[in-house]
Amino acid sequence: MKNYDHLIFEISVPGRVGFTLPNSEISGYNLSSLDASLLRKEVPALPEVSELDVIRHYTNISHKNFGVETGFYPLGSCTMKYNPKINEEIAAMKAFNSIHPLQKASDTQGILRIYYELQSMLSEISGLHSYTLNPFAGAHGELTGLMIMKEYHLQRGDFKRTKVIVPDSAHGTNPASATICGFDIIEIESTPEGTVDLEQLKAALSDEVAGMMLTNPNTLGIFEKDIIEISRLVHEAGGLMYYDGANLNALLGIVRPGDMGFDIMHINLHKTFSTPHGGGGPGSGPVGVKEFLVPYLPNPQINKLDNHYFLDWNKDSIGSVSGFYGNFKVWLRAYVYIMTLGKENLRQVGCLSTLNANYVRVHLEEEFNLPIKGFSMHECVFDGLKDQSTGVTTLDVAKRLLDYGVHAPTIYFPLLFHQSIMIEPTETESKQTLDSFIEVMKKVAKEAITDPQMMKLAPHTTPISRIDEVYAAKKMILTYKDYLKENQ
Ligand SMILES: *Cc1c(COP(=O)(O)O)cnc(C)c1O
């Protein structure tokens with residue numbers, strides 16, 4: 001508990017003030033014209049601090065954090081690429097800030113145009129006919145896509161299809177979303193090469209299967225070479241193909257899920273398309289469909305007639321999945337990102353992110369176990385240190401990296417291996433950054449042999465050192481007041 005002592009931040013001093021209220025913008029209106037019953041009887045118990053106190057407080061806290069703007073952040077399956085500042089500049093423009101979703105379509109033609117054009121760009125990138133930008137996250141997109149899948153079968157009178165096939169390498173949200181949507185899961189195991197086992201797939205298919213959820217490259221960073229055959233088999237059995245497009249980096253400008261036979265997919269704008277994420281911030285999970293599924297997209301859809309954009313409400317739709325049209329400021333940033341790069345440079349994202357992952361993989365094969373050999377796509381997965389005799393685990397390696405100013409990769413996921421370390425460098429990192437990361441990883445592997453005890457206690461230089469994660473999960477202290485109570 002000593003760890004937290006330097007965080008003491010009770011800096012309130014009675015009577016200290018850090019603000020002045022502006023005059024009301026509505027003429028003839030001020031506090032005294034409010035109805036007395038609406039006014040507080042007592043002063044609220046808020047911290048009394050000066051502006052400088054507040055600035056120092058938050059600036060100091062921000063220095064205890066780690067972000068993509070602090071250092072290398074190779075968190076696999078999260079695509080922690082740099083978020084260009086031009087996205088922020090445009091999202092902060094007054095024209096976009098002073099608008100309300102209940103304004104008439106005739107007043108908001110510019111916003112609707114951005115919506116429409118972004119869905120068209122995503123269609124072209126992914127090879128699907130139409131998009132909705134309404135879902136608020138990847139998992140929300142999955143749920144929306146599965147609702148469309150369900151609606152399609154139901155409206156055809158095909159009521160038996162209650163199961164969804166999910167490979168064991170899938171992201172955890174896949175089975176979770178399918179379960180929330182009311183489907184039962186059929187899990188199929190991966191082959192030793194990390195791909196879908198075709199024989200198991202055949203055995204799982206029946207007229208009760210609504211569809212299959214897949215991502216390609218999969219969560220191991222491996223490309224499913226049999227994808228056309230997989231799609232054919234699922235379609236032949238009457239099911240639909242769902243693509244988890246959370247991380248689209250490796251594919252950009254090179255292959256398209258629509259061309260691989262997928263009918264529905266979601267995209268995480270907050271991964272591939274450079275909008276900020278992490279810490280539970282706002283996201284956006286657009287869902288795209290083939291033409292025959294367009295009627296089921298959520299309401300409202302944004303359409304165009306001549307040069308006029310309008311909200312379209314479809315009677316066969318699954319209904320609304322969001323308040324209004326989704327996270328506008330998130331898809332605005334993604335729109336700016338795509339426009340800034342253009343077609344040719346978008347393709348470079350695919351090439352460079354793949355090159356970077358392979359560069360890292362090849363340089364670490366000596367020190368770390370590589371359970372699945374061969375070419376990686378946008379990320380690579382190791383199964384712990386090669387030398388397992390020291391007792392140093394993947395968790396210890398991840399914690400020690402923090403001492404060198406590197407964010408830990410994703411660990412213990414995918415679940416296929418016991419000591420998974422999943423590294424996704426992304427395309428925005430330079431060769432120099434990758435080289436110094438490789439050097440740090442090699443150094444850590446050496447330290448595991450020379451000083452395993454030190455590794456067990458890492459990190460040593462961060463504001464908070466090794467925490468007891470079980471205790472932290474069981475005994476959550478989420479506010480400063482709770483902390484004080486706990487430490488009286
Ligand atoms: C991140 C991710 C998701 C979930 O996206 P959220 O926005 O976190 O809900 C789904 N699938 C894969 C492969 C992912 O990497």
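Indexing begins at 1, ligand by ligand and atom by atom, following the structure's order. The figures here come from the full heavy-atom set of this structure, side chains too, leaving out hydrogens, waters and symmetry mates.
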What are the atom names and distances for all N or O pairs under 3.5 Å between ligand 1 and the protein?
unit_1	atom_1	unit_2	atom_2	d
ligand 1	5 (O)	N268	ND2	3.0
ligand 1	7 (O)	G138	N	2.8
ligand 1	7 (O)	N268	ND2	3.3
ligand 1	7 (O)	H270	NE2	2.7
ligand 1	9 (O)	G138	N	3.4
ligand 1	9 (O)	A139	N	2.8
ligand 1	11 (N)	D244	OD1	3.2
ligand 1	11 (N)	D244	OD2	2.6
ligand 1	15 (O)	S77	O	2.8
ligand 1	15 (O)	S77	OG	2.7
ligand 1	15 (O)	N247	OD1	3.0
ligand 1	15 (O)	K271	NZ	2.8

Any donor-acceptor N or O pair under 3.5 Å, side chains N65, T70: no

Main-chain N/O of V289 paired to H129 side chain as donor or acceptor, under 3.5 Å: no

Qualifying residue, where the test is side-chain hydrogen bond (donor to acceptor under 3.5 Å, both in side chains) with E427 and the options are K81, Q348, H378: K81

Any side-chain donor near an acceptor of the partner, Y131 and S120, under 3.5 Å: no

Short N-O contact, D396 and R466, less than 4.0 angstrom: yes

Ionic contact status for E208 with K163, cut-off 4.0 Å: yes

